[in-house]
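Note sheet for the following structure.
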Amino acid sequence: YPDSWGVAETVAELEEQGFEVGIIAVIYAQLPEFTPWANEDFAGTGQADAFLKGFVEDFKPAFEQKYAISSDKSACTIMGADVAGLFAFYATMKFPDKFGKCVMYSPAFWYNRQEMRGFIENERLTPTDIRFVFVQTSADTQWITDDIEYYSSWLFNKNYVVSNYEVEGEHDDRTWGSVFGEVLTEE
């Protein structure tokens with residue numbers, strides 16, 4: 001899957017331009033691990049907290065130590081597409097001290113729409129220097145577009161830094177990959 005985004009080629013081009021990309025870790029998970037709350041229409045969903053706990057407490061520190069990279073949140077971008085975009089947003093809001101940038105490609109908030117909105121409204125979240133980036137494609141459904149608008153506005157009104165990209169193409173890896181370099185290097 002990472003090759004369908006053109007990650008290797010994009011990273012090579014960015015490095016040739018002098019941009020320090022760092023390390024990109026691609027983590028594969030399934031719908032259950034990427035959904036924060038159970039959705040009765042999808043069996044086994046709602047296991048994101050356990051997956052996230054392992055990621056934040058075990059994987060991330062071990063990875064940082066093994067590769068001698070900074071544990072400072074400004075050095076860590078989390079990104080995901082579709083349901084992984086939902087997970088990236090949830091992870092960033094749950095652990096704002098771990099991620100400096102959250103990139104969501106066509107995030108599937110609809111899996112847990114009501115719960116996520118309740119979560120962000122009920123949490124005592126303090127705006128930080130986290131940058132949120134939303135990417136939507138011309139083929140995204142209206143509910144994805146509406147959710148991006150809702151969360152972008154909510155974050156902006158709470159004084160978070162928010163960027164929005166619209167890209168022509170399908171709701172797929174190749175289209176998301178076409179702006180991978182641009183959103184990765186955005187500051």
Side-chain angles (χ1 to χ4, degrees), residues 1-2 5 7 11 20-39 42-135 147-148 150-152 154-155 158-163 173 176 180 183-187:
Y1 284 92
W5 282 57
V7 171
V11 167
E20 188 176 325
V21 176
I23 297 173
I24 296 174
V26 178
I27 299 170
Y28 292 101
Q30 299 296 320
L31 184 60
E33 292 89 4
F34 281 156
T35 48
W37 299 275
N39 180 320
F42 300 92
T45 55
Q47 299 176 31
D49 279 330
F51 183 71
L52 185 55
K53 183 177 189 280
F55 179 81
V56 169
E57 293 179 6
D58 299 324
F59 176 79
K60 190 173 180 305
F63 196 82
E64 290 164 350
Q65 182 177 19
K66 180 174 182 171
Y67 294 102
I69 57 176
S70 173
S71 63
D72 184 85
K73 76 177 196 172
S74 66
C76 188
T77 296
I78 186 169
M79 61 175 61
D82 199 87
V83 73
L86 166 70
F87 176 79
F89 181 78
Y90 180 70
T92 303
M93 298 307 274
K94 186 116 177 157
F95 292 97
D97 60 321
K98 302 292 182 192
F99 306 102
K101 186 175 184 181
C102 175
V103 181
M104 297 149 287
Y105 298 86
S106 307
F109 287 111
W110 64 269
Y111 277 100
N112 292 139
R113 181 178 290 120
Q114 183 176 348
E115 298 89 350
M116 183 63 79
R117 289 183 180 186
F119 171 72
I120 63 173
E121 291 297 336
N122 292 323
E123 288 294 307
R124 293 192 175 147
L125 302 170
T126 304
T128 64
D129 54 351
I130 299 170
R131 175 176 291 278
F132 290 89
V133 180
F134 293 92
V135 178
D147 283 338
I148 288 173
Y150 175 86
Y151 289 101
S152 292
W154 186 89
L155 290 162
K158 297 286 184 184
N159 297 315
Y160 285 94
V161 178
V162 181
S163 298
D173 291 339
W176 298 320
F180 172 74
V183 299
L184 184 65
T185 58
E186 180 195 87
E187 293 187 27

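The residues of the chain are indexed from 1 along the displayed sequence.
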Which atom pairs, donor and acceptor, lie under 3.5 Å between side-chain atoms of residues 81-89 and protein residues at least two apart or in another chain?
from : atom 1 : to   : atom 2 : distance (Å)
D82  : OD1    : H171 : NE2    : 2.7

Does a side-chain heavy-atom distance below 4.5 Å link L52 with F95?
-> yes
Could you give the distance from CD (Q114) to CG (N39), rounded to the nearest 0.5 Å?
-> 11.0 Å
Could you tell me whether the side chain of E121 and the main chain of G118 form a donor-acceptor pair under 3.5 Å?
-> no
Ignoring hydrogens and geometry, is there a side-chain-to-backbone donor-acceptor pair from T92 to F99 under 3.5 Å?
-> no
For F34 and A48, which heavy atoms make the closest approach, and how far apart are they?
-> C-CB, 4.1 Å
Using side-chain hydrogen bond (donor to acceptor under 3.5 Å, both in side chains) as the criterion, list what pairs up with S152, not counting sequence neighbours.
-> N164
Output a table of donor-acceptor pairs, distance under 3.5 Å, between side-chain atoms of residues 105-112 and any protein atom two or more places apart or on a different chain; print 'none' if there are none.
from : atom 1 : to   : atom 2 : distance (Å)
S106 : OG     : D140 : OD1    : 3.0
S106 : OG     : D140 : OD2    : 2.7
S106 : OG     : W176 : NE1    : 2.9
N112 : OD1    : W37  : N      : 3.3
N112 : ND2    : W37  : O      : 2.9

Compare all side-chain heavy atoms of S163 with those of E186 and state whether any distance is below 4.5 angstrom.
-> yes
In this structure, which one of Y151, W154, F134 forms a side chain to side chain contact (heavy atoms under 4.5 Å, CB included) with V162?
-> F134
List in chain and number order the residues that pass side-chain contact (heavy atoms from CB on, under 4.5 Å) with Q47, two or more places apart in sequence or in another chain; answer none if no residue qualifies.
-> P32
N/O donor-acceptor pairs under 3.5 Å from side chains in residues 55-63, not counting sequence neighbours:
from : atom 1 : to  : atom 2 : distance (Å)
E57  : OE1    : K53 : NZ     : 3.2
K60  : NZ     : E64 : OE2    : 2.4

Between the side chain of K101 and the main-chain N/O of L184, is any donor-acceptor distance below 3.5 Å?
-> yes
N/O donor to acceptor pairs below 3.5 angstrom from side-chain atoms of residues 71-78, sequence neighbours left out:
from : atom 1 : to   : atom 2 : distance (Å)
D72  : OD2    : S74  : N      : 2.8
D72  : OD2    : S74  : OG     : 2.3
K73  : NZ     : P96  : O      : 3.1
K73  : NZ     : D129 : OD1    : 2.9

Below 4.5 Å, heavy atoms only, C-beta onward: do F51 and Q30 meet side chain to side chain?
-> no
Quick one: does K94's side chain get under 4.5 Å of D49's, heavy atoms only?
-> yes
